[in-house]
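Below is one structure, written out as structure tokens; the observations come after it.
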Amino acid sequence: MTSAHVLRAVSGAAILAGLGLPVLLGLGHGLAAAFGHFPAIGAHGPGLQPWRDLMAMPGIGRAAALALWTGLAATGLSLVLALGLVAWVQGRDRLRALRLLLAPLLAAPHAAIAIGLAFVLAPSGWIARALAPLAGWDRPPDIATTGDPLGLALILGLVAKELPFLVLVLAGALTQIPVRAHMAAGRSLGYGRAAVWLWLLLPQLWPLIRLPVLVVLAFSVSVVDMALILGPSAPPTLPVMIARLNADPDLQVLLPASAGGVLQLGLLLCAFAALWALARAAGATGRALLRRGARLQGADRALALPVLASAGTALAAVLALAGLLAWSVAFSWRWPDLFPAELTLRHWQATGRWGDTALASGLIALAATGLALVAAVAWLESADRLGRPAADRWLTALIHVPLLLPQLSFLTGLSGLMIRAPLPPLAAVIWGHWLFVFPYLMIALKGPWTALDPRLGRSAAALGAGPWRRLWRVKLPVLLAPLATAAAVGFAVSIAQYLPTLFLGGGRVETLTTEAVALASGSDRRVAAVHAVLQALLPWGVFLAALAVPAVLHRNRRGLGGAA
Amino acid sequence: MTLQLDALSVLAPDGTALFAPLSLTVQPGEVASVTGPSGIGKSTLLAAVGGHLEPGFRLCGAVRLGGRDLGGLPAERRGIGMMFQEAVLFPHLSVADNLAFGLAPRHRGRRARRGAVAAALEQAGLAGFGPRDPATLSGGQRARAALMRTLLAEPRAVLLDEPFSGLDPERRDAIRRFAFDTIRAAGIPALLVTHDAEDVRAACGPVLALSRATDPTGGP
């Protein structure tokens, strides 16, 4: 066995054991517990009692329907807006500028955006304050703007986060099809831009973006942290309901909670089926309409609608982040003032409130990202040495499993397993984060790694450099920029994790995200704002560093400029 | 309808002209050829006429079709068909749907539209190829399908961007003749850019050589 085989075996085993196995075990344990089998808490199945208990919970039907509705609506809306935005921008050659513009929103964790949006939308928030003089409100109006029964605020929050992600995905997919040629061919036949997008580009893009869209759908149907802050409360969405059950001190409640996790999985499968049916129907209708040859030249003006809606969403998100910053330094901020009358750094100076949490968040993120980076590089390098394609089908499938399953469906089972075989909480949390950091890091790194000019390695080999020397002295330095970007992506993913920390830490590990979510429902907006600002600042700082470090180290190397 | 280029040139984003101003009149049923060394901007010239210039490039002079200035009109409203070197059949549509996508909307009704597509396929010697995946067609078949798609849109002029250069030398002649005959029969002006002398000879129309903007003698 050569060193390449050893590297392959070790990295493959680590990925399988660290990612595939626990997800499977968690899922299996959750399934068993859902049918009443949970020996660690003295339950021996199989039985249907957990399901009866779950179904007896008040509002469970509406909670499930709400999760399905908000998830599907947010995904559909994000997709339509992203497509409209990219179609509008593509003709103007500003895709790069758009990506830069959306990067801060992409890096900001869901919880931070949600807390900020709550500040903006709440009856005592910025929008109401701006309207107060016009409407003559002398105190905050009695309207449910966040936590509205239809989940509209939650949908807005999800769109604000998923829209930038889908724009990035679309921008990447666009480079894989001959957009210019097809645009020119379509327009020379008399079709407007919007028609070319609908009939020529979208059908070709769909297979390329389907998987990321499913990831967005899975996330949106199962989201907990954002739904806690922005979602309806009586009843909440199903994921919130299940997460609350998991936090119950009575361990017996874990049984219906596990059934809830399985229900959540079923719900997601319904959502996938709905999306699949919708895509099929849209494809068939599209082809039927296409054969009629309608040129739809006027439809181009309709592109303004998604662009305006996207701009509105982005503005809301920017206001949300600005609101966080304002609240974190507000001393007194009376209704209906638009800005705090007095500013203070007191909340920031009380480092005792947030210092340890921020440190813990950073360390967990660094550890999870470091481990993920090592695993990814080991796997990709072993593939290179053995001459195999970097993106094995099974690995691609495997890394998407944690992203496509509702977190609750296997984390509930995993936390149940922890009762029997407890890891130290911090290690369990790091590993829980790694489950999500590794897939995203791998997705970010795979493209640039495989695009590396193979002649570089061959030239080095011809000069007598062995495989390790080639890795250290040629590949990794040349790939520094994409490595740094992938690490920044991983770091941001870790900072944003909520459920893994909560479930695997057993309540003994606090991160900025768990703290921010806990504080968001409390009375002191200022402390919650400090946590949320930190939550957004940490990933931004790392992203800036990821841009700056290669730029400084490679300042005199023009050939490496485009490597990211 | 006549296609007229009047002192036409294209400015690159940095403000330099790609080629010396060009004037040309193409009568209906005529195929005019524009030749020139590669890289001088032959394709850009066609992009300018068709309205497909990339952002940053600017057009000087005028393009007239039937006396009407096309300046400022978007590509889809110019009524100018385009044939590319790579044929650019849409890979997600069957051959018949590619043609149906081109067929002008004034043909109404499913039966009439299907009939028009079938007739065009037949005319191009592609009868029965309708349900095929365009990727399974040979280069010559692709070129003919693309030409029929372009003509089914009933353009008022056609631009040909080296449409024969990718074909086998043996087939090239027959496909070229088919293309030029079909365009002449349609009675519309056509503008061909090419660096193949055979193309120019077969086109039998006016010939113009593009020259560098800085070259005062005009011509290579």
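Letters A, B, ... mirror the listed sequences (proteins, then strands); counts begin at 1. Only a predicted model underlies this, so the values are computations on that prediction, with no experimental measurement involved. Because only heavy atoms are used, hydrogens play no part in the values below, and waters and symmetry mates are left out as well, while side chains stay in.
Neither the backbone nor the side chain of B/Leu151 comes within contact range of chain A, judged by heavy atoms closer than 4.5 Å. Interface residue B/Leu93: only side-chain heavy atoms are found under 4.5 Å from chain A. B/Arg113 touches chain A through its side chain: at least one heavy atom from C-beta onward sits under 4.5 Å away, while N, CA, C and O do not. Contacts of B/Phe84 with chain A are made by side-chain atoms alone, with heavy-atom separations under 4.5 Å and no backbone atom involved. Heavy-atom distances place both the backbone and the side chain of B/Arg149 under 4.5 Å from chain A.
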Assess the residue pair B/Leu159 and B/Ile80 against the criterion (side chain to side chain contact (heavy atoms under 4.5 Å, CB included)); give the C-alpha distance rounded to whole Å, side-chain angles, the decisive distance to 0.1 Å, and a yes or no.
CA-CA 7 Å; B/Leu159 309 176; B/Ile80 295 185; 3.5 Å; yes
If you apply the rule ring-ring contact (aromatic ring centres under 6.0 Å, His included), what do you find for B/Phe164 with B/Phe178, and how did you get there? CA-CA 11 Å; B/Phe164 315 116; B/Phe178 169 74; over 10 Å; no
Practice problem: Tell me, with the steps shown, if B/Ser165 and B/Gln85 meet side-chain hydrogen bond (donor to acceptor under 3.5 Å, both in side chains). | Solution: CA-CA 7 Å; B/Ser165 63; B/Gln85 186 179 338; 3.2 Å; yes
Run the side chain to side chain contact (heavy atoms under 4.5 Å, CB included) check on B/Met82 and B/Leu46 step by step: do they pass? CA-CA 9 Å; B/Met82 194 137 181; B/Leu46 288 196; 3.9 Å; yes
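Residues B/Thr194 and B/Asp196 bring no donor and acceptor atom of their side chains to less than 3.5 Å of each other.
For chain B, the option among A/Val196, A/Leu189, A/Leu200 with the highest count of heavy-atom pairs below 4.5 Å is A/Leu200. Interface remark: of the candidates B/Pro155, B/Pro91, B/Pro74, B/Ala96, B/Pro91 forms the most heavy-atom pairs closer than 4.5 Å to chain A. By number of non-hydrogen pairs under 4.5 angstrom with chain B, the leading residue of A/Ala184, A/Gly192, A/Gly190 is A/Ala184. Among the candidates B/Gly50, B/Ala75, B/Ala104, the residue making the largest number of heavy-atom pairs closer than 4.5 Å to chain A is B/Ala75.
A salt bridge does not link B/Asp97 with A/Arg287: every distance from a Lys NZ or Arg NE/NH1/NH2 to an Asp or Glu carboxylate oxygen is 4.0 Å or more.
Residue A/Leu289 places its CG atom among more than 12 non-hydrogen atoms of other residues, nucleotides or ligands, all under 6.0 Å distant.
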